[in-house]
Number of protein chains: 2
Amino acid sequence: MVKGPTVYDVAELAGVSIATVSFTFRQPHRVRQSTREAVLAAAQALNYLPSGNARGLARGRTGALGIYSFDFYFLDDPASAGGAGTRAAAPAGSDPNADYRVFPLYVDEVQRGVALECWRRGYTLMVGGGNRTTGRTAIADIAGQVDGLAVFPRTVPVEVLSLISRRIPVVELSEPSHDDSLHHVTVDNAAGMHALTTHLITAHGLRDLQFAAPRDPWSDFQLRFRGFQAALAEAGLPVPERPVTEGDGAPQSAEALAAALLAGGRLPDGIVCAHDEYALPLIDALLRRGVDVPGRVAVTGFDGIVAGRLQRPQLTTVRQPMEQMGRTAAAILIDGFEDRTLPPQSRQLPVEVVLRESCGCPPA
Amino acid sequence: MVKGPTVYDVAELAGVSIATVSFTFRQPHRVRQSTREAVLAAAQALNYLPSGNARGLARGRTGALGIYSFDFYFLDDPASAGGAGTRAAAPAGSDPNADYRVFPLYVDEVQRGVALECWRRGYTLMVGGGNRTTGRTAIADIAGQVDGLAVFPRTVPVEVLSLISRRIPVVELSEPSHDDSLHHVTVDNAAGMHALTTHLITAHGLRDLQFAAPRDPWSDFQLRFRGFQAALAEAGLPVPERPVTEGDGAPQSAEALAAALLAGGRLPDGIVCAHDEYALPLIDALLRRGVDVPGRVAVTGFDGIVAGRLQRPQLTTVRQPMEQMGRTAAAILIDGFEDRTLPPQSRQLPVEVVLRESCGCPPA
DNA sequence: GGATGTTTTCTAAGCGCATAGAAATCTCCG
DNA sequence: CGGAGATTTCTATGCGCTTAGAAAACATCC
C-alpha cells in the first residue's frame with residue numbers, strides 16, 4: 001500500500017527494457033511470446049499495477065468521461081457521515097417516503113444514462129460536484145483528468161466551460177444552446193408543458209390555472225412557462241403574466257406557497273409546477289391543510305422522477321427521457337473526443353406526458 | 001480542443017519559472033501578491049487548464065476514489081445506445097413500473113452513498129464496471145487512477161484485489177471479511193433474515209416456509225439462509241436443507257420457479273427470497289398464475305430497493321442501510337489512504353425489517 | 001553599510017509510462 | 001554462408017506538473 005513497483009522494476013526483473021514491458025501490455029503482438037511471458041511473470045511476481053496517471057499523461061487521453069453535478073449541500077447530513085456512526089433511525093411518524101424524495105432525482109437518472117453509455121463504450125466515469133463547504137471547485141480537477149465533460153446547467157460559470165471546451169468536448173445537459181462552443185442535450189420543454197396544460201383544460205375542464213416556479217429564472221423553467229401560457233392562450237383562457245412564487249421557490253417553500261394561496265383565498269383550479277421536486281411537497285402542504293388534491297385543486301409536475309409514483313395521489317407529470325439524455329451526452333462526448341473536428345452538437349429529445357392521479361385522472 | 005497550454009506557456013507569458021506558476025495554484029501564500037496576479041492573468045489569457053494526470057503523477061495522489069460495479073450487460077439496450085436514436089416507446093401494455101425494476105438497484109444506492117461521502121471530503125468518484133462485450137477489465141485502469149477503491153463482491157478476482165490493495169486501500173462491499181488485507185463493510189444478513197422469518201411465523205402463523213435463492217452460492221445469500229434456518233429451528237418447525245431454485249436463480253428464472261412450485265403442487269405458505277430482485281418478479285409470476293399474494297402465499301425480499309414500494313402488493317423486506325454503507329466505505333478508504341498505517345477495517349451495519357403488504361401486513 | 005534573517009523565486013530532478021526511431025536479432029533463400 | 005527483409009528489442013525523449021534545495025531578492029537592525 002506504499003509505493004508500488006513500476007515498469008522499471010518489472011523490466012529489471014524480466015531482464016528487458018521498459019519499452020518491452022510497456023509493449024507487452026499495450027501492443028502484445030509486437031512482443032515475442034517467450035518474452036511476453038517472462039514480462040507477465042515478472043509483473044505478477046512484483047504485483048505490478050500500471051499507473052493510470054502516467055499512462056494518461058503519456059498518451060494524452062484517459063479513457064474517462066466526467067460529469068459535474070450540483071452542490072449536494074442540502075443533502076449533507078453530518079450525522080450520517082461516513083465513519084463509526086450509523087444514521088439514527090428516522091423519527092417516528094416521519095414520512096416513510098422521505099428517502100425517495102432525495103434519491104433518485106433528475107440528475108441521478110441522467111447520470112446513470114451517462115454511466116451506462118460509458119460502460120458500453122469502455123470508458124469510465126468520473127463524478128464530481130460543487131462543494132461550498134470545502135470551497136473547492138472540483139471542476140478543474142475533473143476537467144484535467146477526463147476526455148470529455150458533461151455538466152448540468154448553472155453549476156459552472158460559462159466562461160469556465162468554454163475555457164474547458166477548448167481542450168476537451170463539453171456537453172451541457174438540459175439547457176438550450178447558447179450558440180457557443182459547447183454541445184447540448186435538451187428536451188422539448190415547451191411542447192411538453194403545452195401538452196400537459198392542454199390536457200388539464202380539455203380533459204378536466206380546468207379554467208383557472210397557475211404556474212408555480214422558483215424565482216430563479218432557469219431557462220428550462222421559462223420555456224415550460226411559455227408552453228403553459230401558449231396552451232392557455234390557445235384555449236382562450238386568461239394568461240398569467242408570471243409564475244406564482246413564495247419565498248425563493250425552493251422545494252421547501254412549497255409550504256409557504258400553499259399557506260399564501262389559502263390565506264389569500266385565491267386557490268386556482270390547478271397548479272402547474274415547474275418541476276416534480278416542487279409539486280411533491282406542494283401536494284403534501286395542500287393535503288395537510290385539508291385541501292383535496294385533485295378534487296379541489298389539481299397539481300402537476302415536470303421531470304418524471306421516481307418519487308412521483310410514490311406520492312399519494314400519484315403525480316401527473318411530463319417525463320423526460322433522462323437515461324437517454326445521459327446516453328446521448330456521453331455518446332457526443334466520446335465521438336467528439338475521438339474526432340476533434342466535429343462541430344458542436346445540439347440534440348433535443350422528446351418528452352412524454354404521464355397522466356396519473358394528481359390531475360384527476362384514474363390511478364395508473 | 002486540441003492541446004492546451006501548459007505551465008511552461010503560462011510561465012513564459014508571465015515572465016516567471018514554472019515552479020512559480022505551480023506555486024501560484026498550489027501554495028498561493030508562498031507567492032508575492034503581484035506575481036500571483038501576473039501568473040493568474042497569464043493563465044487566464046491562455047485558457048490554461050492544469051492536467052490532472054500530470055499532477056496525480058507528480059504528487060502520487062489523485063484526489064479520487066473508485067468504485068467498481070457489476071457488469072451491466074443485462075441492461076444494455078443497443079436500441080437506446082447514445083447517438084442519434086431515441087429509445088422506442090415501451091410496448092403497449094408493458095409494466096409501467098418496468099423502469100424502476102432496473103434502477104435504482106442495490107448497487108446504485110450504495111454507490112450514491114460513496115458519492116456523497118466523496119463529495120463531503122472533497123474527493124471525486126470514478127465509476128467503472130466489468131464489460132464482457134468490450135472484453136476489457138477496467139479494474140486495473142481504474143485502480144491506477146484513484147486513491148482508494150470500493151468493489152462489489154464477485155466482480156473482481158480476489159488475487160487482483162489483494163494485488164491492488166498493496167498500493168491503495170480497497171474495501172469490499174457486503175461480503176464478510178476473509179481475514180485478508182481488504183477492508184470490509186457488511187450488514188448483519190443473518191440477523192435480518194432471522195427477524196423477518198420470525199415475524200412470518202409468529203405474526204402470520206406461517207408454518208411451511210421455503211427459501212428461494214440463486215444457485216450461485218453468494219455468501220451473503222448463504223448467511224441469509226442460515227438466519228432463515230435458525231428462525232425455523234427455534235420455532236420448532238421443519239428446516240429446509242437447501243434453498244429452492246429453478247434455472248439459474250436469476251430474476252428471470254422466478255417465472256420458472258413459480259411454474260414449478262404450482263406444477264409440483266408444493267406451494268408453501270411463504271417464500272422467503274434471498275433478495276428483492278428475485279422477490280419482485282416472483283410475485284408477478286404468482287399473481288399472473290392466479291395465486292393470491294399474500295393471501296395464499298406470502299413473499300418477502302431482502303435489500304429494500306425502491307421497486308419494492310412500487311410493487312403491488314408492496315414488498316415486505318429487510319432494508320440495508322445502503323447509503324450509509326457507501327459512506328462508510330468511502331470514509332474508510334479516505335482515512336486509509338491518508339494514514340497508510342491503518343489496519344484493515346471491517347464494519348458491520350445493522351439492517352431493519354420493513355413490514356409491508358406482501359407478508360400479510362397492512363399497507364404502509 | 002554590512003550582517004543576519006525572511007521571503008520569494010528558480011534550478012533541477014523526478015513521477016511512471018508511451019512511443020518514435022535506431023539497433024539488434026531472426027528468417028529465409030539463393 | 002551472405003544478405004535482404006521482417007521481426008523484436010532498445011535507446012532516448014517527452015507528457016505536464018510538484019517540490020526539495022539552492023539562489024536571489026528583500027527586510028531589519030546594530
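A note on names: the letters A, B, ... follow the listed sequences, proteins ahead of strands, and every chain is numbered from 1. These numbers come from a predicted model, not from an experiment.
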When the distance from [atom1] of [X] to [atom2] of [N] is rounded to whole Å, what number comes out?
X	N	atom1	atom2	answer
B:L57	C:dA18	CG	P	12 Å
A:D9	C:dC17	CG	P	9 Å
A:H29	D:dT8	NE2	P	9 Å
A:R55	C:dT19	CZ	P	10 Å
B:Q33	D:dC26	CD	C1'	17 Å
A:R59	D:dT13	CZ	P	23 Å
A:F25	C:dA18	CZ	P	9 Å
A:Y8	C:dC15	OH	C1'	9 Å

So, is B:S22 close to the D:dT18 phosphate, meaning a side-chain N or O under 4.0 Å from OP1 or OP2?
yes
Show the distances under 3.5 angstrom between N or O atoms of the protein and N or O atoms of nucleotides 20-25 of chain C.
none

In this structure, are over 12 heavy atoms from other groups packed under 6.0 Å from A:Q348 atom CD?
yes
Closest non-hydrogen atom pair between A:V31 and A:R36, with its separation
O-NH2, 3.2 Å
Would you sort out whether A:V171 and A:L182 count as a side-chain contact (heavy atoms from CB on, under 4.5 Å), showing the intermediate values?
CA-CA 6 Å; A:V171 51; A:L182 310 181; over 6 Å; no
Say whether A:S51 and A:N53, considering side chains only, have a donor N or O and an acceptor N or O under 3.5 Å apart.
no
Per the end-axis method with five pairs at each terminus, what is the bend angle of the helix from C:dG1-D:dC30 to C:dG30-D:dC1, to 10°?
40°
By nearest-heavy-atom nucleotide on DNA chain C, the more 5' of B:T35 and A:S51 is B:T35
Comparing B:V16 and B:A54 on DNA chain C - which has the more 5′ nearest nucleotide
B:V16
Quick one: do B:D335 and B:R121 make a salt bridge, cutoff under 4.0 Å?
yes
For the pair A:R112 and A:E109, find out whether any cationic side-chain nitrogen is under 4.0 Å from an anionic carboxylate oxygen.
no
Is A:T24 reaching over with its side chain to a backbone N or O of A:T20, donor-acceptor style, under 3.5 angstrom?
yes
What do the steps show when you test B:S181 against B:S162 for side-chain hydrogen bond (donor to acceptor under 3.5 Å, both in side chains), and what is the final call?
CA-CA 7 Å; B:S181 58; B:S162 57; 5.5 Å; no
Could you work out which one of [options] sits closest to the side chain of [X]?
X	options	answer
A:A58	D:dG14, D:dC10, D:dT18	D:dG14
A:T20	C:dT9, C:dC17, D:dT9	D:dT9
B:T6	C:dA12, D:dA12, D:dG16	D:dG16

Go through the steps to decide whether A:T186 and A:S174 satisfy the test side-chain hydrogen bond (donor to acceptor under 3.5 Å, both in side chains), and finish with yes or no.
CA-CA 4 Å; A:T186 66; A:S174 85; over 6 Å; no
Only counting residues at least two apart or in another chain, list the ones meeting ring-ring contact (aromatic ring centres under 6.0 Å, His included) with B:Y48.
B:F25
Which is true for A:V21 with a 4.0 Å heavy-atom rule: it touches a base, it touches only sugar-phosphate, or it touches nothing?
nothing
Looking at every strand, decide which applies to A:Y48 at a 4.0 Å heavy-atom threshold: base, sugar-phosphate, or nothing.
sugar-phosphate
